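These notes concern the structure reproduced below.
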Number of protein chains: 2
Amino acid sequence: MLYMRSIPDDRTTRAVIRDEALRLLAAHGPETVTVRQIAAAAGVSPGLIVHHFGSKEGLRQEVDQYVLDVFEAMLGELTGESGAKLLDPAAGASSLSEVFARHLPDDSPLPTYLRRLLLSETDAGRLLFRRLYDLSRAALDGLATAGLAAPGNDPAVRAAVLLANDLALFLLRDRLTEVLGMDPLSAEGMTRWAPEMLSIYAGGLNAAPPPPQGDTP
Amino acid sequence: MLYMRSIPDDRTTRAVIRDEALRLLAAHGPETVTVRQIAAAAGVSPGLIVHHFGSKEGLRQEVDQYVLDVFEAMLGELTGESGAKLLDPAAGASSLSEVFARHLPDDSPLPTYLRRLLLSETDAGRLLFRRLYDLSRAALDGLATAGLAAPGNDPAVRAAVLLANDLALFLLRDRLTEVLGMDPLSAEGMTRWAPEMLSIYAGGLNAAPPPPQGDTP
DNA sequence: CAGCATGCTAAACAAGCGTTCAGCACTTGT
DNA sequence: ACAAGTGCTGAACGCTTGTTTAGCATGCTG
């Protein structure tokens with residue numbers, strides 16, 4: 001057995017365990033995945049996981065926090081001035097999915113982990129959703145101030161509707177891939193999904209179909 | 001111990017086990033809930049569950065099928081002629097959530113079980129989603145034929161968008177309840193949710209706010 | 001009334017789980 | 001060079017899991 005620990009950088013054995021745990025937990029969930037499976041995937045013994053993280057639950061919490069940090073970094077680009085660009089039918093139309101797609105590779109386990117996080121009854125999940133909701137409200141506010149969208153009769157609910165619609169793509173990704181024959185979160189899939197979504201946001205279900213550059217007389 | 005089996009109706013011990021399993025599985029998931037927990041909730045011994053259903057997995061499949069049957073009966077009212085009413089901004093606006101709310105009590109475990117079904121990688125979940133997608137496509141077709149909505153540039157994707165938006169309410173119910181301070185699937189909550197949703201479908205994000213009965217000059 | 005199936009329980013079983021423990025290999029500070 | 005500390009393993013422990021088995025009480029049928 002080789003003990004390799006040449007440079008004191010970040011990719012320690014600890015980080016490898018964290019990454020493999022993230023991958024497996026995203027794919028199968030914390031109840032299904034065993035400590036032994038994670039240990040095998042990381043090429044270590046089960047005991048080492050407890051040594052590093054205290055317990056299986058400790059590891060899960062550390063992965064949660066790690067995912068939260070990564071998302072927070074990505075969400076940073078949506079706050080402040082540029083926040084109004086979110087959901088803007090006229091602008092580049094940066095939805096959450098598009099932001100994630102721009103930052104993560106197509107096969108990243110993070111969107112799947114996000115899904116589990118949002119649906120799990122954990123503080124991390126609640127925190128993340130609250131953060132996204134605040135972001136959605138701020139974006140709607142910005143759009144309203146800029147005259148690009150109406151806040152509606154019930155802005156709190158309208159922001160929730162917009163967020164829910166955006167997140168549905170993550171939550172139902174697998175089912176949508178099955179019926180559509182393509183992954184709506186892939187680069188190709190989004191070129192079909194986003195226009196339909198934005199067309200509805202722009203003019204509702206009755207709006208005239210806009211070919212690449214089209215006006216209605 | 002009493003052996004009560006007076007009338008040969010449906011509410012057999014078997015049905016009690018099925019109902020308790022449904023309740024517990026919806027609330028905590030199949031991986032978390034144990035056979036002993038279900039047995040205790042139903043007031044029987046763990047062995048009896050295996051005796052009736054073969055295995056824990058067998059019980060889960062029977063509950064899946066039972067839920068599928070109940071939903072199928074409810075979905076029946078949406079097919080055919082009346083299918084066009086689904087998602088119709090002008091009509092009574094019967095979304096999936098409203099249909100379910102009309103048929104089920106507020107504390108029914110079925111919406112929560114539906115969520116798990118749709119997100120689980122099971123044939124039952126895939127089947128149900130496919131069924132709902134076909135329904136959504138048919139509804140959009142009907143609306144288009146009636147001139148009440150445009151099919152969009154990509155009808156297959158548009159139907160998926162509408163379905164995903166509808167289902168998001170079920171999937172994110174708990175999180176939405178937290179940030180909004182009310183359950184959007186309750187009778188009261190839907191009076192706030194539906195108008196915002198329909199307002200967007202009717203005219204997009206820029207549409208003028210419609211008070212109960214309002215025209216735009 | 002004998003006989004057999006049915007509904008059901010209590011106890012036990014093997015397997016798998018998360019976790020603990022004793023100890024080896026190696027690095028670091030003195 | 002020696003002691004202390006870290007990273008890590010392999011085996012074991014106690015517990016819980018789904019499932020099996022033996023057997024009892026009841027109801028149906030000839």
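Not measured: the values here are computed from a predicted model. Letters go in sequence order (proteins before strands), and every chain restarts at 1.
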### Message
When you compare the side chain of A/Glu72 with that of A/Arg131, does any pair of heavy atoms fall below 4.5 Å?
### Response
yes

### Query
Would you say B/Arg116 and B/Leu25 make side-chain contact, with heavy atoms under 4.5 Å?
no

### Message
Using whole Å, what does the distance between atom P of nucleotide D/dT17 and atom CG of B/Leu59 come to?
### Response
16 Å

### Task
Could you say whether B/Ser55 or A/Val44 is positioned toward the 5' end of DNA chain D, judged by the nucleotide with the nearest heavy atom to each?
A/Val44

#### Entry: Spacing of A/Glu31 atom CD relative to C/dG18 atom C1', expressed in whole Å
15 Å

### Query
To the nearest angstrom, how far is A/His52 atom NE2 from D/dT6 atom C1'?
9 Å

### Message
Can you identify which nucleotide, out of C/dC8, D/dC8, C/dT20, has its nearest atom closest to the A/Val50 side chain?
### Response
C/dT20

### Message
Using 0.5 Å steps for rounding, measure from the CG atom of A/Asp166 to the OG atom of A/Ser136.
### Response
8.0 Å

### Task
Identify the residue among A/Leu172, A/Asp174, A/Leu167, A/Leu110 that makes a side-chain contact (heavy atoms from CB on, under 4.5 Å) with A/Arg115.
A/Asp174

## Note on the structure
Whole-Å distance, A/Ile49 CD1 to D/dG7 P, equals 15 Å

### Sequence-aligned protein contact record of nucleotides 11-17 of chain C, with B where the base is within under 4.0 Å of a protein heavy atom and S where only the sugar-phosphate is
------B

### Task
Look at the side-chain N and O atoms of B/Thr13 and state whether any lies under 4.0 Å from the OP1 or OP2 oxygen of C/dC8.
yes

### Message
For C/dT6 and B/His51 - does any side-chain N or O of the residue sit under 4.0 Å from the phosphate oxygens OP1/OP2?
### Response
no

### Most 5' of A/Gly54 and B/Arg14 on DNA chain C, judged by nearest nucleotide
B/Arg14

### Message
Ignoring hydrogens, what is the shortest heavy-atom contact between A/Leu185 and A/Arg173? Give both atom names and the distance.
### Response
CD1-CD, 3.6 Å

### Task
Rounded to the nearest angstrom, tell me the gap between atom CG in A/Leu25 and atom P in C/dG18.
11 Å

### Message
Closer than 3.5 angstrom, by distance alone: can the side chain of A/Tyr133 be matched with the main-chain N or O of A/Ala156 as a donor-acceptor pair?
### Response
yes

#### Entry: Nucleotide D/dT19, atom C1' - distance to CD1 of B/Ile38 in whole Å
14 Å

### d(CG, B/Leu48; C1', D/dC24) in whole Å
14 Å

### SB check A/Arg11 A/Asp19 (cutoff 4.0 Å)
yes

